[in-house]
2 protein chains.
Amino acid sequence: MQIVDKLAESTVQSTTVTLTERVTDALQHAIVTGDLAPGAKLNEPELARRFGVSRGPLREAISRLEARRLIRVIANAGARVVALDTGQLIALFETREALEGQAARLAAERMDTAAIEELRLLLDRHAAAISADGGRAYYQDEGDYDFHYRIAHGAGNPLLAGILLDDLYQLLRMYRFRLSAAHGRAEQALAEHGQILAAIAERDGALAELLMRRHVARGAARLTDVQGQGKKDDLSL
Amino acid sequence: MQIVDKLAESTVQSTTVTLTERVTDALQHAIVTGDLAPGAKLNEPELARRFGVSRGPLREAISRLEARRLIRVIANAGARVVALDTGQLIALFETREALEGQAARLAAERMDTAAIEELRLLLDRHAAAISADGGRAYYQDEGDYDFHYRIAHGAGNPLLAGILLDDLYQLLRMYRFRLSAAHGRAEQALAEHGQILAAIAERDGALAELLMRRHVARGAARLTDVQGQGKKDDLSL
DNA sequence: TTCGGCCAATTTGTCGACAATCTGCAAAGA
DNA sequence: TCTTTGCAGATTGTCGACAAATTGGCCGAA
C-alpha cells in the first residue's frame with residue numbers, strides 16, 4: 001500500500017469501462033490474493049487514495065463485491081473483507097454441490113455435440129498438462145473452472161451459471177488461494193471429469209448429476225483435509 | 001408518480017436505517033408489484049425526486065437490486081427493470097429446485113425436533129386457512145415462503161439460505177405477482193409440504209430432497225400453465 | 001424516401017464537500 | 001482501580017455540481 005495501484009487499462013478501446021468496474025476488479029484481486037486479509041476492515045478514504053479514485057466508485061465497488069460475498073458491509077460501521085472459516089467452506093461446497101449437480105444434469109439434456117467434443121479436447125489438454133507436471137497437481141487456473149465453467153454454461157440456464165460463476169466463484173478462489181491446495185490425486189480428479197463428460201455425452205442426466213455431486217463433495221473433502229493440518233476453524237493465518 | 005413516495009420510517013428507533021436501505025425497499029416494492037413495469041427504463045433523476053433523495057442513495061439502491069436480479073444495469077446506458085419471460089421463469093425454477101432440494105436434505109440432517117414441531121404446527125395453521133377459504137388457494141403471503149423460508153433456514157447453511165431468500169426470492173415474487181397464481185390444488189400443495197416435513201422428521205434426507213424437488217417442479221408447471229393461457233413468452237402485459 | 005452525420009439536450013459516472021454516525025481515549029466518579 | 005461518560009477525531013452516508021457518454025431529432029445527401 002505504498003504506491004497507487006494502477007487500474008488496469010482497457011485493451012479494447014471500443015468499449016467503455018467505468019472506473020467502478022476497474023476498481024471492482026482491482027479490489028477483488030487484492031481480496032482473493034490476500035493482499036487485503038480476510039476479516040480486514042476496509043477504509044474508504046485510504047482505498048480511494050490507493051486506487052486513485054474518489055470515494056464514489058470505491059463505494060460502488062465495495063457494494064458489488066458485497067453481492068459476490070467477498071465483503072460484508074454494516075451500515076454506518078464500515079465494510080470488512082469476509083472472514084474465512086471451515087463452516088463457510090462447507091456451506092460453499094454444499095451449495096455448489098447442488099448447483100453444479102443440476103448444471104451437469106441440464107448439460108446432459110441440452111449441450112450440443114460440438115460443445116461436448118470441445119470439452120473432450122479440453123480434458124485431453126488437461127491430461128497432457130498433468131503428465132508434463134508429473135501428476136502432482138491439477139492446475140486449471142481459470143481452467144479449474146474451465147471444465148466447470150463449460151458445464152455451467154452448457155446447462156443453458158443463465159441464472160444458474162450466474163450464481164455459480166458470478167456470485168460464488170470468487171469466494172471459492174479465495175479459499176483455494178488460501179489453502180494453496182495442491183490437489184493431489186490429479187489423475188483422480190481428471191478421471192472424474194472424464195466420467196462426468198461421458199455421462200453427459202450419453203445424455204444420462206441423473207448419472208451426470210450424481211457424478212458431479214460426488215466430484216464436488218470430494219473437492220470439499222480434499223480442501224478440508226489440507227485445512228485440517230492447521231487450525232481447525234480460523235483461516236486468517 | 002405525482003407525489004413523493006414517502007420512505008418508510010423505521011419503527012425501531014434504536015437502529016439506524018440509511019436512506020439507501022429505505023430507497024432499496026421502496027424501489028423493490030415498486031418493481032415487484034409492477035408499478036415499475038418489467039423492462040422499464042429507470043431514470044435516476046426522476047426516481048431520486050420521487051423518493052426525495054439525492055442520486056447517490058438511489059444509485060446504491062439500484063446496485064443492490066441488481067444483485068437481487070430485479071434490475072439490469074448497462075454501464076453508461078442506464079438501468080432497466082428486469083424483463084420477464086418463460087425462459088427465465090423456467091431457469092428460476094430449475095435453480096430453485098436444486099437449491100431447495102438440497103435445503104430439504106440438509107434440514108433432514110440438521111433441523112432440531114423443536115423446529116420440526118413448529119413447522120408441523122405451521123402446516124396445521126395452513127390447513128385451517130385453506131379450509132376457511134374453501135380450498136381455492138394456498139395463500140401464504142410471506143407464508144408461501146414461511147414453509148420454504150423455514151426449510152431454507154433449517155438447512156443450517158447460511159449461504160444456501162442467502163441465495164434462496166435474498167437473491168432469488170424477490171424475482172420469484174415478481175413472477176407470482178404477475179401471474180396472480182391462484183394455485184389451485186391447494187390441498188395438493190399442502191399435502192406435499194406435509195410429505196416433505198414427514199421425510200425431514202424421519203431424517204430421510206434423500207427422500208426429503210426428492211419430494212422437495214418434485215414439489216418445486218410442480219410449482220413451475222402450475223405457473224407456466226397459468227402463463228400458457230396468455231402470450232407464450234412475453235410477460236410484459 | 002431512406003440513411004448517415006451532427007449537435008443539443010439529457011442521462012450516467014465521478015468528484016469533493018458537508019452532514020451524520022461511530023470509535024477510541026481521557027477524565028471523572030464510585 | 002475499575003467503570004462510566006463525554007468529547008474530539010475519523011469514518012461513513014449523502015448532497016449537489018461538474019465531466020463524460022448516450023440518445024434523439026433534424027437536416028442534408030444519395
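Just so we're on the same page: letters track the sequence lines, and every chain starts at 1.
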Rounded to whole angstroms, how far apart are [atom1] on [X] and [atom2] on [N]?
| X | N | atom1 | atom2 | value |
| --- | --- | --- | --- | --- |
| Glu60(B) | dG13(C) | CD | C1' | 14 Å |
| Leu19(A) | dA20(D) | CG | P | 11 Å |
| Glu21(A) | dT12(C) | CD | P | 15 Å |
| Arg55(B) | dG16(D) | CZ | C1' | 10 Å |
| Ile74(A) | dT21(C) | CD1 | P | 17 Å |
| Phe51(A) | dT14(C) | CZ | C1' | 17 Å |
| Leu58(A) | dG16(C) | CG | P | 13 Å |
| Asn76(B) | dA21(D) | CG | P | 7 Å |

State the CG-CG distance between Leu165(B) and Leu99(B), to the nearest 0.5 angstrom. 10.5 Å
Show the distances under 3.5 angstrom between N or O atoms of the protein and N or O atoms of nucleotides 8-11 of chain D.
{"from": "dT11(D)", "atom 1": "OP1", "to": "Asn43(A)", "atom 2": "ND2", "distance (Å)": "2.8"}

Please confirm whether the shortest side-chain N or O distance from Arg59(B) to OP1 or OP2 of dG13(C) is below 4.0 Å. yes
Look at Thr20(B) and dT14(D) and indicate whether a side-chain polar atom (N or O) is within less than 4.0 Å of OP1 or OP2. yes
Please tell me if the side chains of Gln28(A) and Arg64(A) come closer than 4.5 Å, counting only heavy atoms from C-beta onward. no
Quick one: on DNA chain C, does Ser54(A) or Ala75(A) contact a more 5' nucleotide (nearest heavy atom)? Ser54(A)
Show the numbers, then the answer: is there a salt bridge (Lys or Arg N to Asp or Glu O under 4.0 Å) between Arg50(A) and Asp35(A)? CA-CA 13 Å; Arg50(A) 171 174 170 173; Asp35(A) 181 19; 2.6 Å; yes
Run the ring pair (Phe, Tyr, Trp, His ring centres under 6.0 Å) test against His215(B) and tell me which residues pass, sequence neighbours left out. His148(B), His193(B)
Establish, yes or no, whether the cationic atom of Arg178(B) lies under 6.0 Å from the six-membered ring centre of Tyr175(B) and within 45° of the ring axis. no
Counting neighbours of CG on Leu121(A) that are heavy atoms of other residues, nucleotides or ligands and sit closer than 6.0 Å, is the number greater than 12? yes
Are Arg69(A) and Gln88(A) linked by a side-chain donor-acceptor pair shorter than 3.5 Å? no
